[in-house]
Amino acid sequence: MASIFSKIIAGEIPSYKVAEDDKHYAFLDINPLAEGHTLVVPKKEVDYAFDMPQEDFKEWTDFARRVAIAQKMAIPCQRVGSAILGFDVPHAHIHLVPLQNEGQMNFKNERAKFSPEQMTEIAKRIATAFNQE
Ligand code: AMP
């Protein structure tokens, strides 16, 4: 069965898209730790990130790096934090979180709330920065 992220990539489930190329898709986390929290996924479904072939992993993290650069341009933050967890969704994804401080990267924190209009605007800001790189 296709993962929820494969359904998002296929457009069967809506998402706040931030960036895309032929092998990768980046979109806002629906329960963000902070403004601009983005997930970067390989389109080819794999559960555990470190099972990926080296070349695929490299291309994926290169793409994520470009997304993080766009986030830093678009969202006021000190740094963009990154994490690979995958306990909830078995489709490899990198969390990229614009941070003001280290404490915001705690996945047990209460999640931030943004309206659909705000999420659309945040995604657009990052997408615009990504397309300017
Ligand atoms: P984990 O698998 O532990 O790395 O966490 C999965 C992440 O996916 C969580 O932060 C969720 O908020 C996020 N998530 C789950 N479903 C969606 C969705 N439909 N759209 C965006 N983010 C999602």
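Worth knowing before you read on, the calculation uses all heavy atoms, side chains too, and leaves out hydrogens, waters and symmetry mates. Both ligands and their constituent atoms are indexed starting at 1 by order of listing.
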Taking non-hydrogen atoms only, is F27 closer than 4.0 angstrom to ligand 1 via side chain, backbone, both or neither?
-> side chain

Stepwise, does the salt bridge (Lys or Arg N to Asp or Glu O under 4.0 Å) test hold for D62 with K58?
-> CA-CA 6 Å; D62 282 351; K58 188 177 174 318; 3.3 Å; yes

Backbone N or O of A2 within a donor-acceptor pair of the S6 side chain at under 3.5 Å?
-> no

If we only count N/O pairs under 3.5 Å, is L39 in contact with ligand 1?
-> no

Determine whether the aromatic ring centres of H91 and H93 lie less than 6.0 Å apart.
-> no

Which ligand 1 atoms, with their elements, are less than 4.0 angstrom from a heavy-atom of I8?
-> 18 (C), 19 (N), 20 (N)

Could you name the option among M119, R111, H93 that has the heavy atom nearest to atom 1 (P) of ligand 1?
-> H93

Write out the residue and atom name of the closest protein heavy atom to atom 17 (C) of ligand 1, then the distance separating them to 0.1 Å.
-> I30 CG2, 3.8 Å

Output yes when the distance from some N or O of ligand 1 to some N or O of I13 is under 3.5 Å, and no in every other case.
-> no

Within 4.0 Å of some non-hydrogen atom of G86, the atoms of ligand 1 are 1 (P), 2 (O), 3 (O), 4 (O)

Distance filter under 4.0 Å to N31 heavy atoms, resulting ligand 1 atoms = 12 (O)

Does E35 come within less than 4.0 Å of R125, counting only side-chain N to carboxylate O?
-> yes

Note: A123 and K17 closest approach over all heavy atoms is CB-O, 3.6 Å

Numbering as shown, the atoms of ligand 1 that approach L85 to under 4.0 Å (heavy-atom distance) | 4 (O)

Heavy-atom nearest neighbour of atom 7 (C) of ligand 1 within options L28, T38, D88, D29 = D29

Indicate yes or no for a side-chain donor-acceptor contact from H24 to the backbone of E20 under 3.5 Å, with no hydrogens or angles considered.
-> no

Going by chain and number, the hydrophobic cluster around I4 (ILVMFWY, side chain to side chain under 4.5 Å) further includes F5, I8, I9, I13, Y25, F27, L39, V41, V89

Hey, does the side chain of Q132 reach the backbone of A129 with a donor-acceptor pair shorter than 3.5 angstrom?
-> no

Check each heavy atom of F5 against ligand 1 and say whether those closer than 4.0 Å belong to the side chain, the backbone, both or neither.
-> side chain

Under 4.0 Å from a heavy atom of V89: give me the atoms of ligand 1 that qualify, with their elements.
-> 2 (O), 6 (C)

